[in-house]
Every structure is written in structure tokens, then in C-alpha cells.
Amino acid sequence: AQSVAQPEDQVNVAEGNPLTVKCTYSVSGNPYLFWYVQYPNRGLQFLLKYITGDNLVKGSYGFEAEFNKSQTSFHLKKPSALVSDSALYFCAVRDFYAGTASKLTFGTGTRLQVTL
Amino acid sequence: GAVVSQHPSRVICKSGTSVKIECRSLDFQATTMFWYRQFPKQSLMLMATSNEGSKATYEQGVEKDKFLINHASLTLSTLTVTSAHPEDSSFYICSARWRAYEQYFGPGTRLTVT
């Protein structure tokens with residue numbers, strides 16, 4: 001079975017400072033990894049994905065994530081946080097080898113709070 | 001980018017009535033769509049996987065007779081909550097798979113059953 005862990009319920013950071021939102025995963029095969037962001041009363045917006053290739057993945061709104069196979073991690077990062085980045089962030093994984101039958105498994109979400 | 005719409009965005013209904021929620025992929029064809037339920041301050045719970053032209057596959061614990069899913073075309077899936085009760089009040093989100101590994105989400109529907 002596949003799983004995702006987001007160990008922090010909330011991350012607080014001052015505007016202009018770098019931010020990191022942590023995610024670790026477990027799959028039996030090679031992972032497809034995703035980050036989504038959710039604003040209040042909205043659906044999920046796709047930020048970025050890792051399928052294969054470079055371990056550092058760049059996504060929307062200046063976010064990036066680093067795939068670390070040995071640590072089974074896929075932490076979300078941004079060099080300089082904005083107040084408008086405050087939202088709920090979800091990490092998700094799919095098992096590559098399960099093909100199209102595989103489903104996304106989500107972490108429990110991390111609330112990012114960026115303050116002035 | 002791929003866009004998924006949901007309608008309505010909010011619905012209030014009386015206990016015992018049925019409510020239909022539509023999910024559409026606007027600029028791509030989706031052979032597979034997903035329906036999720038999200039409780040306040042919680043993650044998304046997958047309810048069912050919907051494949052065009054075939055019966056939906058429900059997750060364990062989800063009542064298929066209560067949550068009717070129809071995927072009539074490559075761009076439309078519907079979720080009908082039958083005989084709704086207050087405990088069905090929730091935020092329902094649909095998602096459509098685009099290509100082999102990308103999944104895009106609708107904006108969600110807030111259902112309140114009074």
C-alpha cells in the first residue's frame with residue numbers, strides 16, 4: 001500500500017523568508033509525486049509533479065520540490081514566501097508501476113501561514 | 001492548462017431530497033474521473049473512480065446506492081446524493097485524469113443538508 005506523510009500540521013514563516021513544507025512517501029514501486037494547494041472553499045490547484053528526470057522540480061508561483069529517493073522525501077520549497085502563499089498544501093503519490101489503475105494518495109495537508 | 005468545472009458551487013437542500021453535482025472537463029477528454037469528499041480541516045477521501053461508459057468503482061465504506069455516479073461522456077461525470085441527510089453535508093471535489101499521470105481538480109461543491 002502507498003502512503004504519504006506530512007509531519008507538520010502548520011508551518012509559519014515570515015514574508016520574504018524561505019519556506020519548506022515536508023513530505024515523505026511510501027510506495028512499492030517508483031513514485032509519481034505531486035504537490036497541490038488549496039485555498040479556502042476551493043478545489044485543489046496543481047503546483048508541480050515529479051515523474052522522472054531531475055530531482056529538483058520547478059512548478060507554479062515560484063515553488064519547487066526536491067525528490068530524494070534515499071530519504072523517500074519530496075519537500076516543497078520556495079526561496080521567498082509571500083503572504084498570498086498562505087493556504088493548505090497537499091502532497092500526493094501514485095505508484096508508477098500500477099499504471100492507470102493507480103490512485104492518488106494524499107497526505108493530511110499542511111497549513112502554511114505567511115505573516116508580514 | 002487543463003480545466004475542470006463543477007456545478008453547483010454551493011447547494012442547500014432539505015433532508016430526504018436528492019442532489020446532483022456535475023463535473024466537467026472543459027478542454028480535454030477524461031476517461032477517468034474521481035469523486036472526493038473533504039471534511040473540515042481534513043484531507044481528501046476518495047469516494048469512487050468513474051470510468052466513461054462503465055460502472056463506477058466505489059471505495060470501501062462508500063454506499064453506492066446513496067452516492068450514484070454516472071460518467072456518461074468523456075467530459076461529464078455526475079454525483080447524485082440520494083435521500084440526503086445532515087451527515088452528508090460536506091465539501092465534494094471531483095477530479096479528472098489527463099494523460100497517464102496528471103490529475104486536475106474541480107473547484108468543489110459545498111453541500112449543506114438541513
Side-chain angles (χ1 to χ4, degrees), chain A residues 1-10 21 23 25 27 29-53 57 59-61 87-113, chain B residues 1-11 21 23-26 28 30-52 54 56-60 62 90-112:
Chain A
Q2 57 195 40
S3 65
V4 175
Q6 291 182 246
E8 303 152 316
D9 289 338
Q10 180 156 329
V21 183
C23 171
Y25 66 90
V27 293
N30 286 339
Y32 289 154
L33 292 157
F34 304 83
W35 275 102
Y36 291 88
V37 60
Q38 185 181 33
Y39 295 96
N41 295 310
R42 302 290 297 170
L44 273 65
Q45 294 180 30
F46 171 79
L47 277 181
L48 51 80
K49 67 179 184 292
Y50 172 83
I51 304 298
T52 186
V57 178
S60 306
Y61 313 119
L88 188 58
Y89 291 80
F90 289 99
C91 181
V93 67
R94 277 179 64 192
D95 187 340
F96 174 87
Y97 285 112
T100 55
S102 68
K103 305 165 194 173
L104 274 178
T105 296
F106 287 89
T108 50
T110 298
R111 185 162 302 281
L112 174 65
Q113 186 69 46
Chain B
V3 179
V4 176
S5 71
Q6 262 182 262
H7 179 80
S9 58
R10 288 178 180 270
V11 58
I21 303 170
C23 176
R24 293 180 185 273
S25 56
L26 297 185
F28 66 101
T31 54
T32 304
M33 289 186 172
F34 304 87
W35 286 95
Y36 296 84
R37 185 172 178 177
Q38 186 180 29
F39 292 100
K41 299 185 179 181
Q42 293 191 24
S43 189
L44 280 71
M45 181 192 80
L46 179 64
M47 298 175 65
T49 302
S50 164
N51 290 296
E52 186 265 337
S54 63
T57 302
Y58 290 81
E59 296 299 302
Q60 192 172 8
V62 178
S90 192
F91 194 54
Y92 293 88
I93 304 175
C94 75
S95 176
R97 179 169 288 169
W98 181 51
R99 300 194 289 203
Y101 45 75
E102 295 191 20
Q103 208 168 306
Y104 291 88
F105 290 78
T109 297
R110 172 75 59 193
L111 170 64
T112 303

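In this text, all values refer to a predicted model and were calculated from it rather than measured experimentally. FYI, side chains are in, hydrogens and waters are out, and symmetry mates aren't considered; it's all heavy atoms of this structure. Proteins get letters first, then strands, A, B, ... in listed order; numbering begins at 1 in each.
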Between the side chain of B/Ser43 and the main-chain N/O of A/Gly109, is any donor-acceptor distance below 3.5 Å? no
With a 4.5 Å cut-off on heavy-atom pairs, point out which of B/Gln103, B/Gln6, B/Arg110, B/Arg10 contacts chain A the most. B/Gln103
Please round to the nearest 0.5 Å and tell me the distance separating atom NZ of A/Lys103 and atom CG of B/Leu46. 6.0 Å
Closest contact, heavy atoms only, A/Arg42 versus B/Phe91: O-CE2, 3.4 Å
If you count heavy atoms of other groups shown closer than 6.0 angstrom to OH of A/Tyr61, is the number above 12? no
Which atoms of B/Thr57 come close to chain A, meaning under 4.5 Å heavy atom to heavy atom: side chain ones, backbone ones, both, or neither? neither
Under a 4.5 Å heavy-atom cut-off, does chain B meet the side chain of A/Phe90, its backbone, both or neither? side chain
Counting only heavy atoms closer than 4.5 Å, note whether A/Tyr36 contacts chain B via side chain, backbone, both or neither. side chain
Which value, rounded to the nearest 0.5 Å, describes the distance between B/Leu44 atom CG and A/Leu104 atom CG? 9.5 Å
Proximal component of A/Gln38, with respect to chain B [non-hydrogen, under 4.5 Å]: side chain
